[in-house]
Amino acid sequence: MYVVHNRIEVTAEQAAAFEETFTASMRATLNGVPGLRRSLLLRPAKAGDAYVSTMEFDSVDDFRAWMRSDSFKAAHSDAQAPGMQAPSTIELFNVLEDFAA
């Protein structure tokens with residue numbers, strides 16, 4: 001499995017609009033993406049910390065294919081949407097162990 005984290009620094013003033021816009025985009029653009037197992041938007045427990053968007057793909061190839069897809073283009077098409085201008089950091093991971101109790 002291949003996991004992508006995007007840490008998004010959203011101001012407190014934009015938080016509500018960001019959450020609404022981002023979750024609507026997830027629902028509209030991610031259904032049926034090949035190899036996508038799960039996508040999460042994590043709200044920071046501490047005000048002022050970054051949001052984290054997490055996507056779990058079957059493979060790095062599935063992630064790369066999504067990056068070239070119409071789904072990706074649609075999800076990132078509104079440069080003025082709340083949070084789209086926010087600083088962000090992408091982190092990429094290969095899963096070493098997956099344990100579920």
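Predicted model, so just to flag it, every value in this text is computed and none were measured.
Residues that satisfy the side chain to side chain contact (heavy atoms under 4.5 Å, CB included) test with N6, not counting sequence neighbours, are I8, S53, S88, I90. With sequence neighbours excluded, the residues that form a side-chain hydrogen bond (donor to acceptor under 3.5 Å, both in side chains) with R37 are D58. With sequence neighbours left out, E20 forms a salt bridge (Lys or Arg N to Asp or Glu O under 4.0 Å) with no residue at all. Looking at residues two or more places apart in sequence or on another chain, you find a ring pair (Phe, Tyr, Trp, His ring centres under 6.0 Å) between F22 and F18. Scored by the side chain to side chain contact (heavy atoms under 4.5 Å, CB included) test, D98 finds M1, V95 as partners (sequence neighbours excluded). Taking the side chain to side chain contact (heavy atoms under 4.5 Å, CB included) definition, one finds that P44 meets it with D49, Y51, sequence neighbours left out. In this structure, D78 has no side-chain hydrogen bond (donor to acceptor under 3.5 Å, both in side chains) partners at least two apart in sequence or on a different chain. R38 meets the salt bridge (Lys or Arg N to Asp or Glu O under 4.0 Å) test with no other residue; sequence neighbours excluded. Take F93 and apply the ring pair (Phe, Tyr, Trp, His ring centres under 6.0 Å) test, not counting sequence neighbours, and it matches H5.
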Requested in this report: Given side chain to side chain contact (heavy atoms under 4.5 Å, CB included), test F63 with L92 step by step and report yes or no.
Outcome: CA-CA 10 Å; F63 169 67; L92 307 171; 4.2 Å; yes
Requested in this report: Please test D62 against Y2 for side chain to side chain contact (heavy atoms under 4.5 Å, CB included), starting from the C-alpha separation and ending with a verdict.
Outcome: CA-CA 9 Å; D62 289 325; Y2 194 71; over 6 Å; no
Query - Stepwise side chain to side chain contact (heavy atoms under 4.5 Å, CB included) test for V3 and T54 - result: CA-CA 7 Å; V3 178; T54 298; 3.9 Å; yes
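The salt bridge (charged side-chain N to carboxylate O under 4.0 Å, His left out) pairs that include a residue from residues 6-18 are R7-E91, where partners are two or more places apart or lie in different chains. Residues in residues 67-77 take part in these side chain to side chain donor-acceptor pair (under 3.5 Å) pairs, two or more places apart or across chains: W66-S71.
When all heavy atoms of A75 and S25 are compared, the closest pair comes out as CA-OG, 3.7 Å.
Hydrophobic clustering of Ile, Leu, Val, Met, Phe, Trp and Tyr side chains at less than 4.5 Å, counting indirect connections, unites M55 with L41.
Cluster partners of L40, using a side-chain heavy-atom cutoff of under 4.5 Å among ILVMFWY residues and allowing indirect links, are L42, V52.
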